[in-house]
Amino acid sequence: MVSETVPTSWLVYCRPGFEHDALSEMQHHAKHQGVPCEPAYGEGWVSLTRTDDEPVNDLHRQAAFKKLIFARQSLAALPALTLSRDDRLTAILEQVKASGWSFEEIWHETPDTNDGKALAGLIKALTKPLQSMLKKRGALRGKAGGRRLHIFWTDGDRVQLGMSFPGNRSELLNGIRRLRFPSRAPSRSTLKLEEAWHEFIPREEWEERLSAHMQAADLGAAPGGWTWQLVQRGMYVYAIDNGPMDKQLMATGQIDHLKEDGFTWEPPQRLDWLVCDIVDKPVRVLAMVERWLTRKWCREAIFNLKLPMKKRWDEVTRCLVTLEEALKSAGVGAQINCRHLYHDREEVTVHVRLTH
């Protein structure tokens, strides 16, 4: 019998339609740690519940959030609750009390679906009363190790309580980074590169690693969505694409537009950045990026891998292992991270930083 007071479930949020990919990733970690689990999922979320009734804390902690690809948020969770529509708060209060949890914040979250968004009014009405009651009971307090209570609403009478911990979670509501589209950018793809910088580069390092004196290459650049981001940071950009670039962007004088094949073009000297959003088979893009990195033609790279419709976790894993082995064989040290970003669709974004 599953305990009502111990977090036996590992709960993650993901993009709707990618539940099986998030589940495959979670099951990989559970199998690696020898943890017996049973899956459950709905639109925009997946959970694994331990079948041995042991706490999920070790599994949740070992599967570090920053290394997960398809998860938007990662929580240690209690069993889901079915609420009375006449009194939605009592069951939540009782489960918190029984768990012994204490926390500094309460976040109400929903799946990234229309049905989830429709719960906003209900959640708003319950937020202050619940917060007041949890304060009175001492569960919500000023110093609780930075822990956060997540109340995940999958329906008006269905919630699951989860706990997150500093350094092993997303600091964004619902795990979603919402960015405003800059009106002067040539395409909405510009948001993918901006989000990647937020995701992979600490904000305090932007001045050093995204500085005005740098040079970059954008492979498959037209019409210039990613090039626009580089130019905004003051970089000089080699825009490689046979297609036309945005005229207003070209007027900055910071771009050398070369109508060449991005898969074969070679830079005139070592660059600071390589970025690439070419729509092609992952194996082709990966081979091109490997060539750049093993020859150290750039210091950092951000590129997208377009995913197949099925077995996307398998494909991503294969690509990352191939890249890691190629760099190791070439004696090139690197930090590799990969994430299915909010502004991605049928692709994942990979960041590589050479270390030696």
Side-chain angles (χ1 to χ4, degrees), residues 7-27 29-30 37-49 56 59-60 63 65 68-85 88-89 91-92 95-96 103 105-127 130 148-165 168-179 191-192 195 199 307 309-310 312-313 339-349:
T8 56
S9 296
W10 176 22
L11 172 65
V12 308
Y13 314 159
C14 63
R15 174 183 290 281
F18 286 77
E19 294 84 6
H20 289 286
D21 311 295
L23 178 59
S24 295
E25 183 173 21
M26 295 168 75
Q27 289 175 324
H29 288 284
C37 291
E38 187 146 321
Y41 57 89
E43 194 175 7
W45 63 271
V46 182
S47 72
L48 285 182
T49 298
V56 78
L59 174 58
H60 171 258
F65 175 73
L68 297 176
I69 296 170
F70 291 101
R72 290 179 172 178
Q73 183 60 278
S74 180
L75 309 173
L78 297 168
L81 294 172
T82 298
L83 309 177
S84 166
R85 290 187 178 250
R88 290 182 170 89
L89 298 185
I92 296 174
Q95 193 178 53
V96 170
F103 35 85
E105 289 182 293
I106 305 169
W107 280 15
H108 293 266
E109 297 174 305
T110 66
D112 185 22
T113 62
N114 289 333
D115 288 343
K117 294 179 178 70
L119 296 171
L122 172 64
I123 291 172
K124 184 177 181 180
L126 297 176
T127 295
L130 181 62
R148 180 183 299 139
L149 175 68
H150 297 252
I151 303 178
F152 186 59
W153 295 81
T154 53
D155 205 341
D157 59 1
R158 187 76 172 171
V159 299
Q160 189 162 14
L161 307 187
M163 184 74 76
S164 70
F165 306 87
N168 195 29
R169 66 188 179 198
S170 170
E171 299 296 343
L172 303 167
L173 190 67
N174 289 316
I176 293 174
R177 186 181 299 280
R178 300 187 185 278
L179 300 172
L191 297 176
K192 291 194 284 187
E195 184 182 2
E199 181 69 32
L307 300 177
M309 293 303 295
K310 297 182 179 180
R312 291 178 284 212
W313 159 250
R339 178 75 73 180
H340 187 215
L341 300 175
Y342 175 69
H343 292 94
D344 285 338
R345 293 298 183 264
E346 298 294 328
E347 68 260 343
V348 292
T349 300

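Taken to the nearest 0.5 Å, the NE2 atom of His150 stands 5.0 Å off from the CZ atom of Arg148. Atom OG of Ser9 and atom CG of Leu59 lie 10.5 Å apart (nearest 0.5 Å). With values rounded to the nearest 0.5 angstrom, Glu346 atom CD is found 5.0 Å from Arg312 atom CZ. Here CZ of Arg88 is found 7.0 Å from CG of Leu83. Values are rounded to the nearest 0.5 Å. If you take CH2 on Trp107 and CG on Leu173, they are separated by 6.0 Å, rounding to the nearest 0.5 Å. With values rounded to the nearest 0.5 angstrom, Met26 atom CE is found 4.0 Å from Leu48 atom CG.
You'll find the side chain of Glu109 stays beyond 4.5 Å of the side chain of Ile151, heavy atoms only. With contacts defined as side-chain heavy-atom distances shorter than 4.5 Å, the pair Ile69/Glu25 qualifies. Side-chain contact between Pro7 and Leu75 is absent, with no heavy-atom pair separated by less than 4.5 Å. Side-chain contact check for Thr110 versus Thr154: every heavy-atom pair is 4.5 Å or farther apart. Residues Phe103 and Val96 meet the side-chain proximity criterion, which asks for heavy atoms closer than 4.5 Å.
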Using the side chain to side chain contact (heavy atoms under 4.5 Å, CB included) rule, take Leu126 and Leu89 through it: C-alpha gap first, then chi angles, then the decisive distance, then the call.
-> CA-CA 8 Å; Leu126 297 176; Leu89 298 185; 4.1 Å; yes
Do Glu19 and Trp45 pass the side chain to side chain contact (heavy atoms under 4.5 Å, CB included) test, and can you show the C-alpha distance, the side-chain angles, and the key distance before you say yes or no?
-> CA-CA 6 Å; Glu19 294 84 6; Trp45 63 271; over 6 Å; no
Give the intermediate values and the outcome of side-chain hydrogen bond (donor to acceptor under 3.5 Å, both in side chains) for residues Trp10 and Ser74.
-> CA-CA 7 Å; Trp10 176 22; Ser74 180; 2.9 Å; yes
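Just one of Glu171, Glu105, Arg169, His60 meets the side chain to side chain donor-acceptor pair (under 3.5 Å) condition when paired with Ser164; it is Arg169.
Contact record, Leu23 with Pro39: CD1-CB, 3.6 Å, taken as the closest heavy-atom pair. The nearest pair of heavy atoms linking Thr349 to Asp344 is OG1-OD2, 2.9 Å. Scanning all heavy atoms of the two residues, the minimum distance from Gln95 to Leu81 falls at OE1-CD1, 3.3 Å. What you find for Tyr41 and His20 is that their closest heavy atoms are OH-CE1, 3.3 Å. Nearest approach of Ala22 to Val46, heavy atoms of both residues: CB-CG2, 4.1 Å. Minimum heavy-atom separation, Arg72 to Asp112: NH1-OD2, 3.0 Å.
At distances below 3.5 Å, not a single donor-acceptor pair connects side-chain atoms of Glu38 with backbone N or O atoms of Thr49. At distances below 3.5 Å, at least one donor-acceptor pair connects side-chain atoms of Gln160 with backbone N or O atoms of Leu78. Without hydrogens or angle criteria, Arg339 side chain to Ala71 main chain gives a donor-acceptor distance under 3.5 Å. Between the side chain of Glu195 and the main chain of Leu341, no donor-acceptor pair closer than 3.5 Å is present. With hydrogens and angles ignored, the 3.5 Å screen pairs a side-chain donor or acceptor of Ser170 with a backbone N or O of Leu172.
The cationic atom of Arg345 (NZ for Lys, CZ for Arg) does not lie both less than 6.0 Å from the six-membered ring centre of Phe18 and within 45° of the ring axis. In this structure, Arg158 is not positioned above the aromatic face of Trp153 in the sense of NZ or CZ being under 6.0 Å from the six-membered ring centre and within 45° of the axis. The cationic atom of Arg15 (NZ for Lys, CZ for Arg) does not lie both less than 6.0 Å from the six-membered ring centre of Phe70 and within 45° of the ring axis.
In this structure, Lys117 places its NZ atom where more than 12 heavy-atom neighbours from other residues, nucleotides or ligands lie under 6.0 Å away.
Between Phe152 and His108, a ring centre-to-centre spacing not shorter than 6.0 Å is recorded.
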